[in-house]
Visitor: 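Following this message is one structure expressed as structure tokens.
Side chains are part of it too, since the values below use all heavy atoms of this structure and drop only hydrogens, waters and symmetry mates. Every number for a ligand or one of its atoms is a count from 1 in the order of the listing.
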Amino acid sequence: MEIGVIALQGSFAEHAAALADAGASARLVRSPHDLLGIAAIVIPGGESTTLSMLMSSSGIFEPLAKEIAAGLPAMGTCAGMIMLAAGVRDGRQDQRSFGAMDITVRRNASGRQVDSFEADIEVPCLGDPPLHGVFIRAPAVESAGPEVEVLARLAVADTLSGTGDTGSLDGLGSPVLCRQGSVIASTFHPELTADRRLHRLFVAMAAASV
Ligand code: GLN
């Protein structure tokens, strides 16, 4: 089973290594041809405006949009989450996204500061210990539709102690890991730590959908 990793910009090498650790082989995707036969797709962290532009100019956007709409499992981290979201706030006007997950995200908004921070994230479906979340100019999930399962939230203290209006939906911490069917997305970067539980979960989701 090969899992494609969009390799136009951003943390694609780290995702490819994480997938290999999790027992899948990664195929770097740089052209529409590279999409043929993959069992799932990973959209890395990086810069969503650039990813959007490069996916369009490389011809990847349209065929990938069709595949994802038809059920190709997808994982997006940070900029990759933005690419999968239905709604993007504070984006560039010409920025595109796949609308694969019914969330609205605000770019560069999450957490204690606009730039970067790290926080331990309790993820009940992964058990103990918490995941170590690395957040780099992360988006905030500002709304999530009924089909979206919030798998993890930032602790309220981490959400509220900084920039103020950073997206606590309902008095709970801001969502940082969400799943909708075969699409999973995080505001943080699991590919930048050595914990492979999230990549293993995604590989299992991909295997289940083959
Ligand atoms: N701020 C970036 C964006 O809007 C995302 C940052 C990241 O992926 N680390 O695309």
Side-chain angles (χ1 to χ4, degrees), residues 3-19 26 28-30 41-58 60-61 64-65 68 74-121 131-144 151-154 158-159 162-167 174-179 183-195 198-199 202:
I3 296 186
V5 181
I6 297 295
L8 300 171
Q9 194 255 346
S11 56
F12 56 86
E14 290 84 352
H15 270 294
L19 288 170
L28 300 185
V29 172
R30 296 196 165 102
I41 190 76
V42 172
I43 308 179
E47 177 53 52
S48 58
T49 54
T50 308
L51 275 170
S52 163
M53 199 176 69
L54 293 176
M55 277 199 242
S56 293
S57 62
S58 62
I60 289 174
F61 192 94
L64 182 55
I68 294 175
M75 175 188 210
T77 62
C78 201
M81 173 192 250
I82 298 169
M83 290 299 310
L84 291 170
V88 179
R89 296 186 176 137
D90 290 346
R92 266 177 60 133
Q93 209 130 52
D94 59 354
Q95 176 164 6
R96 305 165 81 191
S97 68
F98 293 113
M101 185 179 274
D102 187 13
I103 53 174
T104 296
V105 297
R106 185 178 298 279
R107 293 180 60 229
N108 303 333
S110 184
R112 291 177 293 195
Q113 55 184 49
V114 172
D115 290 332
S116 306
F117 65 98
E118 300 187 13
D120 284 336
I121 308 293
L131 272 187
H132 190 67
V134 177
F135 296 80
I136 305 169
R137 294 181 66 75
V141 177
E142 294 196 331
S143 66
L151 300 181
R153 297 173 181 274
L154 202 56
D158 289 322
T159 303
T163 51
D165 60 342
T166 48
S174 176
V176 292
L177 176 64
C178 298
R179 177 173 178 175
V183 179
I184 191 161
S186 63
T187 64
F188 57 96
H189 289 273
E191 74 278 16
L192 299 185
T193 57
D195 192 325
L198 212 49
H199 284 84
F202 184 59

Visitor: Exactly which residues line ligand 1, taking a heavy atom under 4.0 Å from it as the test?
Guide: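 Within the 4.0 Å shell of ligand 1, which is judged on heavy atoms, sit Gly45, Gly46, Glu47, Ser48, Cys78, Ala79, Ile82, Arg107, Asn108, Ile136, Arg137, His189.
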Visitor: Can a donor-acceptor pair be found between the side chains of Thr50 and Gln9 at a distance below 3.5 Å?
Guide: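 Side-chain D/A pair, Thr50 to Gln9: absent.
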Visitor: Quick check: do Ile3 and Met75 have side-chain heavy atoms less than 4.5 Å from each other?
Guide: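 When only atoms from C-beta onward are counted, Met75 and Ile3 do not touch, as no gap falls below 4.5 Å.
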Visitor: Does the side chain of Phe98 come within less than 4.5 Å of Val183's, by heavy atoms?
Guide: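 With C-beta onward as the side chain, the pair stays apart.
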Visitor: Do the rings of His15 and His199 sit parallel, tilted or perpendicular, given the 30° and 60° boundaries?
Guide: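 Aromatic pair His15/His199 classed tilted.
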Visitor: Under the 3.5 angstrom rule, does the side chain of Ser11 hit a backbone N or O of Gly45 as a donor-acceptor pair?
Guide: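 The answer is yes, because a donor-acceptor pair under 3.5 Å joins these two groups.
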Visitor: Are any of the side-chain heavy atoms of Leu198 and Phe188 separated by less than 4.5 Å?
Guide: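 Yes, their side chains come closer than 4.5 Å.
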